[in-house]
Amino acid sequence: MSYKQEHIKPYDAAGEKGGQVEQMFDNISHSYDLLNHLLSFGIDKRWRKAAIKSLEPFHPKQILDVATGTGDFAILAAKQLSPERLLGTDISEGMLNVGRKKVKKAGLENIVTFQKDDCMSLSLADDEFDAVMVAYGVRNFPDLDKGLREMRRVMKPGGRLVIIELTAPRKFPMKQLFWCYSHLFMPAVGRLFSKDKRAYKYLPATMEAFPQGEKMKEILTNAGYQDVTFKRFTFGLSTLYCATK
């Protein structure tokens with residue numbers, strides 16, 4: 001099945017999405033963390049903590065962080081969950097290089113490692129991880145169904161999936177306030193700090209287009225996941241999805 005956000009691309013409508021997303025994150029990797037926290041007013045840190053806390057009852061020892069970016073989610077999970085191993089994958093080498101410096105500074109090299117990998121075709125074995133997690137990355141998948149199935153493939157039976165994703169509020173007045181924020185404030189600030197004027201138009205556009213709530217629950221179920229639940233945060237600006245293989 002095709003979804004609206006899959007057809008939204010950062011640069012060229014005729015080009016392949018995966019390559020453009022890689023280029024975009026390479027371009028903004030130097031300013032990504034600053035803008036992430038600035039544009040969310042720091043609330044994104046609270047959302048990440050809530051997502052990781054949902055894994056605490058399952059005590060995962062082998063964790064995969066897909067679309068790890070600069071590694072904030074991976075590092076926080078390593079500290080909060082104390083796994084034996086945490087692997088972060090991403091298609092952007094620029095983002096991963098920033099993450100590697102963070103891991104070294106945190107003294108977590110023996111637990112957290114990164115590798116460049118494509119979420120559409122992970123170079124990982126079947127049934128390898130107790131938990132797979134994604135923070136603010138699934139809306140960038142060129143093929144959402146394929147990416148969800150691929151993550152399920154590398155999970156152990158009974159493994160847990162955790163997705164925290166930015167979503168657009170649907171109710172008045174937050175819907176209208178978010179439109180002004182995402183179409184005016186976010187592109188202006190993003191252009192100022194990142195020097196990539198298209199990236200911060202692409203990102204809010206995918207938030208608005210991405211399927212959420214009951215629709216995303218249905219998509220996860222169709223991808224083979226069980227016990228799918230979701231919880232909205234901060235007037236619907238972020239949504240946490242949890243599921244079992």
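Counting begins at 1 with the first residue of the sequence. FYI, side chains are in, hydrogens and waters are out, and symmetry mates aren't considered; it's all heavy atoms of this structure.
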Answer yes or no: is there a side-chain heavy-atom contact under 4.5 Å between Lys217 and Leu220? no
Could you give me the CA-CA distance, side-chain angles and deciding distance for Tyr202 and Asp196, then say whether side-chain hydrogen bond (donor to acceptor under 3.5 Å, both in side chains) is met? CA-CA 11 Å; Tyr202 162 81; Asp196 188 325; over 6 Å; no
To the closest 0.5 Å, what do you measure between CZ (Arg48) and CE (Met133)? 10.0 Å
Taking all non-hydrogen atoms of both residues, which atom of Pro211 and which atom of Ile219 are closest, and how far apart? CG-CD1, 3.6 Å
Exactly one of Arg153, Arg85, Arg152 should register a salt bridge (Lys or Arg N to Asp or Glu O under 4.0 Å) with Glu128. Which one does? Arg85
Are any of the side-chain nitrogens in Lys61 or Asp130 under 4.0 Å away from the carboxylate oxygens of its partner? no
Please report the closest heavy-atom contact between Phe114 and Gly71, naming both atoms and the distance. CZ-CA, 3.8 Å
Rounded to the nearest 0.5 Å, what's the gap from CG on Leu166 to CZ on Phe210? Could you check? 10.0 Å
Output, in order, the C-alpha distance, side-chain angles, deciding distance and verdict of side-chain contact (heavy atoms from CB on, under 4.5 Å) for Leu64 and Thr89. CA-CA 8 Å; Leu64 174 65; Thr89 64; 3.8 Å; yes
Report yes if the side chains of Val134 and Met151 come closer than 4.5 Å at any heavy-atom pair, otherwise no. yes
Roughly how far, to the nearest 0.5 Å, is OG of Ser29 from CG of Leu96? 10.0 Å
Taking all non-hydrogen atoms of both residues, which atom of Ser92 and which atom of Phe25 are closest, and how far apart? OG-C, 3.6 Å
Distance (rounded to the nearest 0.5 Å) between Met24 CE and Ile91 CD1: 8.5 Å
In the structure I gave you, are the side-chain heavy atoms of Arg198 and Asn27 within less than 4.5 Å of one another anywhere? no
On a heavy-atom basis, which atom in Ala67 and which in Asp90 lie closest, and how many Å separate them? C-OD2, 3.2 Å
Tell me yes or no: between the side chains of Thr244 and Arg160, is some donor less than 3.5 Å from an acceptor? yes
Taking Glu6 first and then Lys17, would you say they form a salt bridge - that is, a charged N and a carboxylate O separated by under 4.0 Å? no
Start with the C-alpha gap between Arg170 and Gln212, add the side-chain angles, then the distance that decides, and say whether side-chain contact (heavy atoms from CB on, under 4.5 Å) holds. CA-CA 10 Å; Arg170 298 287 173 87; Gln212 58 175 286; 3.1 Å; yes
Could you tell me the separation between the CG atom of Asp33 and the CD1 atom of Ile28, rounded to the nearest 0.5 Å? 10.0 Å
For the residue pair Tyr136 and Ser238, what are the closest heavy atoms and their distance? CE2-OG, 4.1 Å
Do Lys175 and Glu208 sit within salt-bridge range, that is, some charged N less than 4.0 Å from a carboxylate O? no
Between Ala77 and Ile52, what is the shortest heavy-atom contact and its length? N-CD1, 3.4 Å
Assess whether side-chain contact (heavy atoms from CB on, under 4.5 Å) is satisfied between Met174 and Phe178, documenting all intermediate values. CA-CA 6 Å; Met174 284 303 298; Phe178 175 77; 5.7 Å; no
Applying the 4.5 Å side-chain criterion to the ILVMFWY set and letting contacts propagate, would Phe129 and Ile63 be lumped into a single cluster? no
Between CD1 of Ile164 and CZ of Phe73, what distance do you get to the nearest 0.5 Å? 7.0 Å
Do Lys102 and Asp72 sit within salt-bridge range, that is, some charged N less than 4.0 Å from a carboxylate O? yes
